[in-house]
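Just follow the structure's listing: the first ligand is 1, and inside any ligand the first atom is 1.
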Amino acid sequence: MSSSLISAVCIPAVSSTTLSVGEWPSSGLYVVAIGWGTLQEGGSTSTTLQQVTVQTIDSQASTCSSLLNNPQLQFCAGVSGGGKDTCKGDSGGPLMMFTTSHQWVLVGLTSYGIGCARADYPGVYTRVAYYQDWIRITTSGAYSNATSSVSANIDPFSSKASIKFFHNQPLTHLLFLFFSLLLIKIYLS
Ligand SMILES: *[C@@H]1O[C@H](CO)[C@@H](O)[C@H](O)[C@H]1NC(C)=O
């Protein structure tokens with residue numbers, strides 16, 4: 001199941017040590033949520049799929065800790081000052097992180113929040129890494145492990161990151177070289 005528009009997301013492959021000694025994902029990482037939920041608090045749901053980039057927040061942060069029932073199973077993500085968030089109807093949907101091996105990995109499941117996009121009220125997400133073994137057993141082989149658990153920590157949808165990302169592609173390098181040589185040839189002829 002893969003095309004230029006759709007592909008399977010990877011399951012985290014995080015060691016039990018990593019899970020027990022600290023938070024995974026750690027705080028301050030760019031993560032992307034998608035969904036057809038409401039476009040604002042009290043608004044109506046979207047007819048087109050939306051995406052939003054937020055950042056993971058330390059479970060002990062004052063804006064987060066009181067929202068969580070269990071920091072082992074949950075974490076917060078949002079943006080400073082509010083304005084970007086998941087909302088009603090997005091629950092159950094994916095929260096994804098882009099890794100250093102250029103894969104998307106499912107780090108969270110949209111769970112709940114107080115209102116939407118309010119300053120100092122981040123969204124709460126299920127910590128998928130905690131359930132990775134259960135997911136493997138339950139999907140009995142119909143999954144892909146993430147090959148890296150390290151975040152590239154870029155927002156792949158910001159224009160700067162896209163330029164950086166595409167410049168890392170060998171094909172783009174070749175095309176760039178080709179057009180540069182063509183221009184030099186035109187200039188010299
Ligand atoms: C995925 O990773 C887990 C944990 O490291 C491992 O037990 C499992 O065999 C891997 N599965 C595949 C399909 O690579």
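- Applying the disulfide (SG to SG under 2.5 Å) test to residues at least two apart or on different chains, the pairs with a partner in residues 80-142 are C87-C116.
- With P122 as reference, L67 is the one residue of D85, I114, L67 to meet the side chain to side chain contact (heavy atoms under 4.5 Å, CB included) rule.
- In terms of protein heavy-atom proximity, atom 6 (C) of ligand 1 is nearest to N145 ND2, 4.2 Å.
- At a heavy-atom cutoff of 4.0 Å, ligand 1 is contacted by no atom of Q132, backbone or side chain.
- Taking C10 as the reference, nothing meets the disulfide bond (SG atoms under 2.5 Å apart) condition, with sequence neighbours excluded.
- For the pair L29 and Q55, the minimum side-chain heavy-atom distance is 4.5 Å or more.
- With respect to the salt-bridge test (charged N to carboxylate O, under 4.0 angstrom), the residues E41 and R118 qualify.
- The nearest protein heavy atom to atom 2 (O) of ligand 1 is closer than 4.0 Å.
- For atom 13 (C) of ligand 1, the nearest non-hydrogen atom of the protein is Y143 OH, 3.8 Å.
- The protein atom (non-hydrogen) at minimum distance from atom 7 (O) of ligand 1 is R136 CD, 4.9 Å.
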